[in-house]
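Heads up: numbering here begins at 1 and tracks the sequence.
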Amino acid sequence: MQTPTYAPTYLAAELRLPTNWLDYTILAIYFIVVLGIGFAARRSVKTSLDFFLSGRSLPAWITGLAFISANLAATEILGMAANSAQYGAYTVHWYWIGAIPAMVFLGLVMMPFYYGSKVRSVPEFLLLRFDRAAHLLSSILFAFAAILIAGVNLYALAIVVEALLGWPQWVAIVVAGAFVLAYITLGGLSSAIYNEVLQFFVILAALIPITVLGLKKVGGWGGLTDKLTATHGQNFTTAWGGTGIGSANPLGANWLTIVLGLGFVLSFGYWTTNFAEVQRALSAKNLSAGQRTPLIAAYPKIFIVFLVMIPGLVAAAIVPNFGTSGSGYQYNDAIPYLMQELLPNGVLGIAVTGLLAAFMAGMAANVSSFNTVFTTDIWEKYVVPGREDEYYVRFGRWITVIGVCASIGTAFLASSFSNIMSYLQTLFSFFNVPMFVVFIVGMFWKRASAKSGFWGLLAGTVTAMVNYFVFYKKGIISLPSDQGANFVSAIAGFVAGAVVMFAVSLFTRPKPAQELQGLVYGTRSPGMAEPPAPGDDAWYRKPALLGWGAVVLAAACYIPFSF
């Protein structure tokens with residue numbers, strides 16, 4: 001068995017950027033605008049619904065861009081570039097198989113249940129479909145996962161800022177945490193969402209110059225593929241090369257584990273149950289806008305893969321053995337290395353601002369979802385129920401402070417992974433996949449009993465953790481990479497959760513049929529029958545057309561990378 005190597009996620013010391021007053025001016029302007037949005041959004045916060053779900057008043061294009069921006073954190077940018085430098089063009093699977101189908105499924109199938117039931121969070125749906133035990137367990141697991149993922153963003157920000165700008169880690173952590181805390185505490189989810197829209201365009205402004213100049217440096221796409229084929233082999237620049245069962249490839253996974261582990265279990269588990277994403281869709285002004293939120297986000301998601309994959313490939317082509325100990329760089333260094341090598345001052349300031357914006361978007365998404373779940377699903381339901389609405393708004397602001405402080409404490413857990421995307425995928429296999437199996441079984445099988453939700457969620461979580469920490473880490477099963485282990489853990493957690501739910505349902509009573517209206521496929525609630533709002537019935541605003549269009553476009557993009 002090939003043993004993965006683990007090293008602290010510090011960027012190479014020689015990556016210090018030659019920033020000047022122009023770059024810092026651009027960075028200062030960005031921070032001023034971020035706080036200004038927070039103060040502006042504060043005026044709209046009057047109730048807990050305003051604070052936690054923006055009063056369900058936002059148009060689809062706003063929530064759609066916020067949806068993709070919440071996902072496009074700097075851990076995604078650095079992590080997917082690291083994936084590309086390490087695994088090559090296989091990175092496209094995380095987008096065209098591992099995102100688009102699940103985003104379409106969320107919009108077309110699951111949003112009517114979420115939005116129609118008027119829940120304020122994903123765990124609250126489990127309370128309606130199953131029982132309080134499933135609801136409490138899912139709330140605790142999600143709150144814990146949100147803090148861990150927010151910590152990943154904060155830690156990654158600190159090490160990048162220290163390496164690139166020379167700021168001490170504690171300064172970067174305090175400054176970034178303070179700004180995220182300020183605008184979420186001031187304006188709630190509305191502030192986070194409007195800032196995420198701004199951050200989406202800032203991130204693009206940072207990535208596009210790196211990608212274009214990187215391609216120019218290696219002689220275009222043809223020059224890039226020629227260099228990588230010569231140094232890394234033919235399969236490094238294809239999506240499916242070497243993925244036959246029993247074949248060897250850089251990713252360490254065959255087509256079956258890619259399709260089932262990533263394309264179905266991990267992907268659907270993340271996109272359909274991760275409240276940091278779903279919360280943006282729930283803040284939309286009506287059901288149609290809520291459905292279109294993930295579908296609008298799917299279109300930029302199709303093409304963003306080029307902006308994060310190509311820099312990783314370029315770094316692997318330029319630096320011999322990039323990412324190994326002999327090169328002096330880790331895989332996470334791909335984008336910072338190209339920033340240092342390719343960008344002039346001014347453009348460099350935009351790129352640094354884009355990275356900081358991405359970190360803050362990812363952290364804000366998880367902190368805002370954490371304060372909603374902890375306040376509405378744990379504190380209000382089980383600790384201090386029945387208080388006035390203003391109390392929960394105040395508590396939501398205080399728990400935001402605690403969430404930011406807790407994420408600082410969890411930030412250094414990510415340091416044992418030289419590829420931070422591997423760490424994130426590990427967390428998703430533990431927390432999102434078991435929740436997905438409970439949702440999917442409960443949503444499509446009326447006979448699933450109230451008790452099965454809790455035991456299915458527990459069994460799926462424990463099984464995924466045992467597979468990773470015991471079978472994989474102890475060498476009981478041979479898997480060539482962390483990503484391959486994550487795929488297997490996800491499949492194991494999904495199967496265990498489904499089997500336990502089926503077994504428990506056979507020996508316990510199902511919920512009465514009248515309590516399942518609008519919660520199980522084939523039943524409807526009044527909210528799900530909502531007619532289109534004026535102007536929402538145009539063909540280009542119909543969710544089904546948007547969804548199938550995204551699937552077809554993503555499938556078409558696979559063709560150049562399949563051979």
Ring centroid separation Phe430 to Phe469 under 6.0 Å: yes
What do you reckon, are the aromatic ring centroids of Phe439 and Phe125 less than 6.0 Å apart? yes
Distance-minimising heavy-atom pair for [X] and [Y]:
X      : Y      : result
Ala448 : Arg129 : O-NH2, 3.1 Å
Pro123 : Ser138 : CB-OG, 3.5 Å
Gly290 : Met111 : O-CG, 3.7 Å

Flag the pair [X] / [Y] as yes when at least one side-chain heavy-atom distance between them is below 4.5 Å, and no otherwise.
X      : Y      : value
Ile304 : Phe200 : yes
Ile440 : Trp445 : no
Val305 : Trp94  : no
Gln291 : Pro112 : yes
Leu198 : Tyr30  : yes
Phe142 : Ser369 : yes

Atom pair [atom1]/[atom2] of [X] and [Y] - distance to nearest 0.5 Å:
X      : Y      : atom1 : atom2 : result
Glu515 : Leu128 : CD    : CG    : 10.0 Å
Met435 : Leu141 : CE    : CG    : 6.0 Å
Ser121 : Asp377 : OG    : CG    : 3.0 Å
Lys301 : Trp271 : NZ    : CH2   : 4.5 Å
Asn432 : Thr461 : CG    : OG1   : 10.0 Å
Ser368 : Glu196 : OG    : CD    : 6.5 Å

Does [atom1] belonging to [X] count more than 12 external heavy atoms closer than 6.0 Å?
X      : atom1 : value
Lys381 : NZ    : yes
Lys451 : NZ    : no
Tyr391 : OH    : yes

Would Ser283 and Thr63 satisfy side-chain hydrogen bond (donor to acceptor under 3.5 Å, both in side chains), going step by step from the backbone distance to the final call? CA-CA 7 Å; Ser283 65; Thr63 55; 5.6 Å; no
Only distances under 3.5 Å count here; give the side-chain donor-acceptor pairs of residues 488-498 to other protein atoms, sequence neighbours excluded, each with its distance to 0.1 Å.
residue, atom, partner, partner atom, Å
Ser489, OG, Asn467, ND2, 2.8
Ser489, OG, Ala485, O, 2.9

Using atom types as modelled and distance alone, determine if a side-chain donor or acceptor of Ser267 lies under 3.5 Å from a backbone N or O of Gly98. yes
Looking at Ser407 and Val404, would you say the former's side chain and the latter's main chain have a donor-acceptor pair under 3.5 Å? yes
Is there a side chain to side chain contact (heavy atoms under 4.5 Å, CB included) between Leu108 and Leu295? Walk through the geometry before answering. CA-CA 9 Å; Leu108 298 185; Leu295 304 180; 4.0 Å; yes
How would you list, by chain and number, every residue that makes a ring pair (Phe, Tyr, Trp, His ring centres under 6.0 Å) with Tyr270, sequence neighbours excluded? Phe428
Can you list the steps and then say if Met501 with Phe454 is a side chain to side chain contact (heavy atoms under 4.5 Å, CB included)? CA-CA 9 Å; Met501 287 188 72; Phe454 171 83; over 6 Å; no
Let's go through Thr400 and Asn371 carefully: what are the C-alpha distance in whole Å and the side-chain angles of both, what is the deciding distance for side-chain hydrogen bond (donor to acceptor under 3.5 Å, both in side chains) to 0.1 Å, and is it a yes or a no? CA-CA 6 Å; Thr400 302; Asn371 68 23; 2.9 Å; yes
Under the side-chain hydrogen bond (donor to acceptor under 3.5 Å, both in side chains) criterion, do Thr91 and Asn83 qualify, and how do the steps go? CA-CA 6 Å; Thr91 300; Asn83 261 2; 5.0 Å; no
Salt bridge (Lys or Arg N to Asp or Glu O under 4.0 Å) between Glu380 and Arg387: does it pass, once the steps are laid out? CA-CA 8 Å; Glu380 182 179 351; Arg387 293 290 297 272; over 6 Å; no
Give me each pair satisfying side-chain hydrogen bond (donor to acceptor under 3.5 Å, both in side chains) with a member in residues 95-114, each pair once, sequence neighbours excluded. Glu76-Tyr95
Is the Phe436 ring parallel, tilted or perpendicular to the Phe268 ring (thresholds 30°, 60°)? tilted
ring-ring contact (aromatic ring centres under 6.0 Å, His included) between His135 and Tyr382: does it pass, once the steps are laid out? CA-CA 11 Å; His135 172 251; Tyr382 301 102; 5.6 Å; yes
